[in-house]
*Asks:* 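My structure is below; once you've seen it, I'll send some questions.
First listed ligand is number 1; within each ligand, the first listed atom is number 1.
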Amino acid sequence: MNTTASSTAAGTGSLQLEYLSSQEIASQSAAWWQGVLGVVGFEKTPKIDCTRVPVTASMMRPLGANDLYEVWRVAGSSVRLRSGSPHARVSHRFSDDLLFGSLTISERAIDAHDEVGALQRATETAYQEIFAVLHETEHRHLIRIWNYFPEINAQAGGDERYRHFNSARQMAFRKSGRATMGTVPAACALGSPAGSPLSIYFLAARRPPKVIENPRQTSAYHYPPKFGRHSPIFSRACVWGESGGGRLFVSGTASIVGHESAHAGDEREQTRETVRNIRALIASANDRVGGERYLLERLRYKVYVRRAEHQPSIDRELRREVGSAARVLYLQADICRHDLLLEIEAVGTPQPL
Ligand code: 3EB
């Protein structure tokens with residue numbers, strides 16, 4: 001089956017993920033730009049006309065590549081995209097099927113009594129505004145969301161900032177009447193450099209994703225209370241798109257078995273355990289769609305590394321499993337549990353049967 005042709009026939013195009021240099025981006029045709037949903041820079045915002053497409057930045061430092069941009073695009077000649085107002089707080093662009101959006105909120109700009117209040121208000125406001133956009137454009141289903149904010153492991157008001165974020169995220173889901181377990185988005189939450197704003201970008205869709213949990217891990221929304229009063233809300237992975245396959249989104253995945261972190265202090269063992277988790281997710285995804293559609297070696301990876309000096313040994317372990325040809329981007333970031341040294345996310349394209 002030619003998935004591109006079949007989905008283009010419906011006028012919706014197929015979702016593409018590309019990593020390009022600024023020069024490659026500058027040399028694209030007008031037709032290519034027409035399909036661009038959004039562009040993500042690393043450490044710096046891409047120098048692109050942001051009235052045309054949403055542009056945002058993950059403030060984490062790339063290790064190795066320093067001129068690479070993540071481009072989300074729908075390919076297909078009949079695709080027509082629309083953009084949200086350039087003044088909207090959530091900048092967004094969408095097709096009939098899919099929506100890309102991003103927003104940043106500085107905690108310093110929030111009027112709150114204390115530091116805890118500022119992060120919680122920023123988080124709740126961000127999610128409320130995202131949900132308002134999804135309501136307006138009728139892309140009801142969040143499929144993948146990237147959450148970044150500074151000092152994720154720091155204590156504030158007697159609890160870790162990541163836990164405050166979890167409380168506010170859960171509150172926003174509840175207030176909007178959304179599910180807090182089951183069909184919830186694939187996600188990641190990482191710590192960006194001090195002074196960065198809360199920065200979120202996401203993909204949403206008109207049709208729901210197939211959500212996938214990991215038999216080796218407790219679902220995050222069922223974590224016991226010792227990991228925080230309010231559980232994180234995310235699914236381990238999801239598949240979105242054509243019935244025969246579609247895109248696989250693997251959430252941030254770490255060295256967690258059941259609900260406990262494993263191999264504290266050992267980045268090589270953590271890498272191996274994380275890959276075991278990703279293998280299990282790929283197996284579940286293949287079961288769901290029927291057939292060996294997703295292969296470990298063919299996913300596109302992003303690895304968040306707590307300590308830059310661990311990158312070479314993490315890369316060696318990862319390559320042993322996924323092969324030397326796999327495409328991997330490394331970013332330096334804090335991981336949301338103090339004992340985790342790395343987290344790996346991935347996007348997969350289905351192999352033809
Ligand atoms: C974990 O498995 C590791 O809070 O949105 C991974 C993916 C993690 C998403 C989130 C957190 C999140 O619990 C951390």
*Asks:* Going by the ring-ring contact (aromatic ring centres under 6.0 Å, His included) test, which pairs reach into residues 324-353, not counting sequence neighbours?
*Replies:*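 For residues 324-353, and leaving out neighbouring residues, there are no ring-ring contact (aromatic ring centres under 6.0 Å, His included) pairs at all.
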*Asks:* Pair up each side-chain donor or acceptor in residues 190-204 with any protein partner under 3.5 Å, not counting sequence neighbours, and list the distances.
*Replies:*
residue, atom, partner, partner atom, Å
S192, OG, F149, O, 3.4
S196, OG, P193, O, 2.6
S199, OG, A57, O, 3.4
Y201, OH, E70, OE2, 2.9
Y201, OH, K302, NZ, 3.3

*Asks:* Between Y127 and F173 (judged by ring centroids, cut-off 6.0 Å), do the two rings come close enough to count as a pair?
*Replies:*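 Yes, close enough.
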*Asks:* Any side-chain to backbone donor/acceptor pair from R216 onto V257? Under 3.5 Å, distance only.
*Replies:*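 No: the side chain of R216 does not pair with the backbone of V257.
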*Asks:* Please list, by chain and number, the protein residues whose heavy atoms come under 4.0 Å of ligand 1.
*Replies:*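 Residues Y162, R169, A187, C188, A189, Y223, P232, F234, R236, G252, I256, C336, E343 each place a heavy atom under 4.0 Å from ligand 1, listed by chain and number.
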*Asks:* Once ring-ring contact (aromatic ring centres under 6.0 Å, His included) is applied, what residue pairs with a partner in residues 255-278 remain, sequence neighbours excluded?
*Replies:*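 Counting only pairs at least two positions apart or across chains, the ring-ring contact (aromatic ring centres under 6.0 Å, His included) contacts touching residues 255-278 are F227-H259.
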*Asks:* Take atom CZ of R140 as the centre, draw a 6.0 Å sphere, and report whether it contains more than 12 heavy atoms from other residues, nucleotides or ligands.
*Replies:*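 Counting neighbours around CZ of R140, 12 or fewer heavy atoms of other residues, nucleotides or ligands fall under 6.0 Å, so no.
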